[in-house]
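Comments concern the structure below.
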Amino acid sequence: MRTEQPKVIQLADYQEPDYLIDETHLTFELYEDHSLVHAQLVMRRNPACADSETLPVLCLDGQDLQLQRICLDDQELQAGDYSYDGGLLSLQPRASHFVIDSTVLIHPESNTALEGLYKSGTMFCTQCEAEGFRKITFYLDRPDVMSAFTTTLVADQQRYPVLLSNGNPVASGSEEGGRHWATWQDPFRKPAYLFALVAGDLWCVEDSFTTMSGREVALRIYVEPENIDKCQHAMDSLKKSMKWDEEVYGREYDLDIFMIVAVNDFNMGAMENKGLNIFNSSAVLARAETATDAAHQRVEAIVAHEYFHNWSGNRVTCRDWFQLSLKEGFTVFRDAEFSADMHSRTVKRIEDVAYLRTHQFAEDAGPMAHSVRPASYMEISNFYTLTVYEKGAEVVRMIRTLVGARGFRKGSDLYFERHDGQAVTCDDFIRAMEDANGIDLTQFKRWYSQAGTPRLAVDASYDTAANTYRLRFRQSCPATPGQDEKLPFVIPVELALLDNRGRELPLQLVGEDAAVGTVRVLQVTEAEQAFTFVNIQDEPLPSLLRGFSAPVKLAFPYSRDQLMFLMQHDSDGFNRWEAGQQLAVQILQELVGQQQRGQALVMDPRLIEALRTLLVDETLDQAMVAEMLSLPGEGYLAEISQVADVDAIHAAREFARKSIAEALFEPLWQRYRANRELSRHTPYVAEAEHFARRALQNIALSYVMETGRPEVLAACQEQFETADNMTERLTALAVLVNSPFAAEKAVALEVFAENFKDNPLVMDQWFSVQAGCPLPGALDRVRGLMQHPAFTLKNPNKVRALIGAFANQNLVGFHQADGSGYRFLAEQVITLNALNPQIASRLLAPLTRWRKYDAARQALMRAELERIQASGELSSDVFEVVSKSLA
Ligand code: B3K
Ligand code: ZN
């Protein structure tokens with residue numbers, strides 16, 4: 001816990017380490033009430049900074065460690081030979097090469113922050129990224145210090161039959177007193193943040209993969225015995241990922257064994273420790289009966305993401321934490337492309353863009369806004385953000401758009417080859433792309449340094465006499481904390497021009513000899529810039545920013561009829577969806593206005609008619625139809641409002657849903673029944689076509705339930721009771737919970753909890769469904785659920801499922817005008833600040849957006865931020881977010 005204000009760390013202050021650690025030998029003695037860590041560090045002065053005669057003081061990171069003994073070259077140091085302030089241990093080396101031996105005592109059994117070495121249930125596990133290793137032993141805990149690790153674990157054989165660490169197992173044996181040991185050696189040098197160990201009573205599923213050069217790799221997924229039947233999907237996903245990385249990036253796995261361990265208590269999704277990935281069990285376990293389609297896709301994507309880190313992150317790592325997006329943005333881009341290749345490319349893009357625009361755009365517009373490569377931080381854990389991950393991935397995607405798929409592969413090959421075994425920067429990544437393609441990305445790099453979401457306003461003029469079509473682009477970017485003025489970005493705009501039947505026109509810009517193709521990527525590099533197309537016989541309709549080719553807010557003055565046209569005819573699937581979203585946004589915003597003025601709500605019928613056309617066309621991809629039927633979420637509507645009126649947004653959206661349900665009841669009901677019938681007779685398969693069928697079935701069900709018809713209620717109950725998979729069962733439950741059928745919902749909730757009380761991941765879903773229900777009384781229900789035996793604040797999944805879902809997904813519940821939702825969240829943050837600072841800090845996000853709301857709510861939200869600030873000793877995590885939000 002902090003007693004004074006945390007230091008601000010600046011990218012500009014980066015200095016190379018004075019010392020290096022060539023070898024790291026660790027021995028862990030694990031006990032129930034403490035653990036001992038012996039570390040032998042073979043060190044030397046860093047030749048790159050050995051310019052002065054005198055040896056600099058060695059400062060080792062070490063957080064709250066009980067030092068038992070420390071030796072320098074076999075000489076035990078006495079109290080006066082070193083100093084330790086609880087964060088740094090300093091001592092004076094006598095020679096340029098030396099060995100430090102230390103023994104520290106730590107308490108994994110009472111580590112509730114889930115960082116460093118801790119216990120999840122009965123097993124020991126670790127989470128070291130970013131700065132958790134310093135909670136394990138004294139070390140140079142920074143990613144540019146890479147070392148060869150040998151790790152020995154010693155523990156009770158009965159309780160902990162499985163002992164794992166990074167690399168290959170090299171020796172094992174038994175000791176007296178029922179204890180045993182195992183030694184692991186990792187042949188690849190790595191930074192401490194990639195260190196991991198696990199000790200527990202685990203079972204594993206085993207498989208193998210033959211790499212492209214013919215090496216056999218053992219694959220193991222370790223879980224608690226009761227979960228052994230839920231690993232197959234993750235194993236299949238792993239093998240697909242390994243193959244894909246060979247085919248698409250030419251990257252082969254490098255150790256003889258690859259392990260995944262599932263743990264229940266984990267702050268995030270998973271962690272890419274070398275050869276020993278540790279996963280939140282929610283990101284590993286999946287089978288039809290207990291995990292939804294979305295959960296299956298999430299497992300596949302996270303398994304792939306962590307696996308891909310073996311190259312983008314581990315073999316080539318980050319020089320410092322400001323470069324986090326070097327590995328995260330790139331790896332998110334890689335996993336998104338993997339998922340696109342495994343399933344529907346367009347649907348994957350739609351999901352990712354909807355997520356980015358709702359959540360990352362909001363972050364970019366709030367007090368924590370930062371660039372993809374931040375310039376400073378107080379607590380690095382606060383920078384594992386949507387900006388670093390998702391916007392970072394968009395930046396990598398733009399590079400690929402600019403250089404093309406082949407140019408991108410040349411660039412990635414050069415990057416991996418040039419920097420294998422190194423800790424590098426985003427500039428190194430860009431330089432590899434530049435060198436491989438002979439281009440200059442200097443201006444492009446502003447995407448790494450400037451925060452905020454650019455706005456791109458476009459207008460068009462058609463010259464009938466000259467047959468030219470001129471598109472004018474104007475870009476601007478709002479001020480963000482610490483950045484008032486922004487310079488123009490390089491914005492790749494992929495576009496086509498459509499004739500009145502939706503056909504793409506040949507594209508020829510002024511000055512070009514002939515038309516080349518029908519789809520172009522224009523590079524907008526100036527604040528204002530125009531492009532003129534020639535030989536355009538009739539005024540076209542532009543299809544702009546196809547596939548969302550840049551993370552910007554595009555504004556083009558489309559009429560509703562033009563949007564309807566694009567919805568049916570745009571040859572780009574993403575833009576068909578986008579046109580539908582824009583049409584829905586216009587119509588919903590109109591309804592919000594009516595609601596605010598106290599008028600009767602009247603909905604423009606054009607959206608309904610467009611949706612009818614899609615619904616009755618059985619040739620269309622069902623997943624696309626399901627996406628098109630999904631109205632923009634309340635969170636997105638709030639994000640794009642000047643002042644977010646959550647009550648009016650909710651009322652408008654509900655009205656639109658009911659209007660659609662009534663007007664399109666017949667086709668919705670018909671498609672629901674047809675697909676439900678198929679589901680009843682088809683075994684569950686986790687593949688795109690099946691996801692699509694269930695997606696349409698389930699969204700249709702949620703609409704038709706809006707009509708309150710008895711035959712629909714009966715169908716929903718039937719689906720709830722007899723579905724053989726969680727996708728159908730959970731949707732039926734959610735639809736019931738959100739319906740006015742109180743008695744039926746109570747029964748369903750009880751039955752569900754009784755059936756799944758022993759499965760914590762399913763109970764998370766049960767909590768979330770209730771926390772997200774916007775019907776009156778939400779906060780009381782959430783408070784009540786916190787008393788449920790399955791709930792605990794100590795488990796991050798539970799906190800996210802109940803409190804996180806309430807504050808992030810239940811906008812009307814959370815933003816109650818009396819401020820009760822805010823007060824509740826602040827209470828939880830204050831409690832969690834002491835237990836688990838990372839989770840506390842993340843939970844705070846909704847309060848940081850206080851500027852989005854009306855004056856009364858702003859005051860209430862600020863008051864809660866102030867209450868947190870005044871609540872006592874704050875972790876650096878919570879301190880940073882609260883102080884920046886109030887600044
Ligand atoms: N690299 C980890 C993130 C760890 C964050 C710790 N605060 C997961 C991932 O992005 O793959
Ligand atoms: Zn990652």
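Remember, it's 1-based here, ligands and their atoms both numbered in the order they're listed. By convention here, the first residue in the shown sequence is residue 1.
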When you check the gap from the basic side-chain N to the acidic O, do Glu129 and Lys327 get nearer than 4.0 Å? yes

Six-ring centre of Tyr415, Arg431 cation under 6.0 angstrom, axis tolerance 45°: no

Distance to 0.1 Å, residue and atom name: give those for the protein heavy atom nearest to atom 8 (C) of ligand 1. Ala270 O, 2.9 Å

Between Arg142 and Asp320, does any side-chain N to carboxylate O distance fall below 4.0 Å? no

With a 4.0 Å heavy-atom cut-off (strictly under), which part of Glu115 contacts ligand 1: side chain, backbone, both or neither? neither

Go through ligand 1 atom by atom and flag the ones less than 4.0 Å from a non-hydrogen atom of His309. 9 (C), 10 (O), 11 (O)

Provide the number and element of each atom of ligand 1 under 4.0 Å from a heavy atom of Tyr384. 3 (C), 4 (C), 5 (C)

Lys327: numbered ligand 1 atoms lying under 4.0 Å from its heavy atoms: 1 (N)

Atoms of ligand 1 under 4.0 Å from any heavy atom of Glu272, numbered from 1 in the order shown, are 1 (N), 2 (C), 8 (C), 9 (C), 11 (O)

Can you check whether Gln127 has an N/O within less than 3.5 Å of an N/O in ligand 1? no

Of all protein heavy atoms, the one nearest atom 5 (C) of ligand 1 is Met268 SD, 3.1 Å

Taking the six-membered ring for Trp and the single ring otherwise, decide whether the centroids of Phe333 and Phe429 are under 6.0 Å apart. no

Nearest heavy-atom pair of Asp428 and Val424: which atoms, and what distance? OD2-CB, 3.1 Å

Cation-pi check, Lys243 to Phe209: give yes when NZ or CZ is under 6.0 Å from the six-membered ring centre and within 45° of the ring axis, no otherwise. no

So if I apply the ring-ring contact (aromatic ring centres under 6.0 Å, His included) rule between Phe322 and each of Phe383, Tyr448, Tyr377, Tyr14, which one comes out positive? Tyr377

For atom 11 (O) of ligand 1, find the nearest protein heavy atom and state the residue, atom name and distance (0.1 Å precision). Glu306 OE1, 2.7 Å

Out of the N/O/S atoms in Glu328, what is the name of the one closest to the Zn ion (ligand 2)? OE1

Could you tell me the residue and atom name of the protein heavy atom closest to atom 6 (C) of ligand 1, and the distance to it rounded to 0.1 Å? Glu129 O, 3.0 Å

Examine Phe308 together with Phe330 and report whether their ring centres are nearer than 6.0 Å. no

Which protein heavy atom lies closest to atom 9 (C) of ligand 1, and at what distance to 0.1 Å? Tyr389 OH, 3.5 Å

Shortest-distance N, O or S atom of His309 relative to the Zn ion (ligand 2): NE2

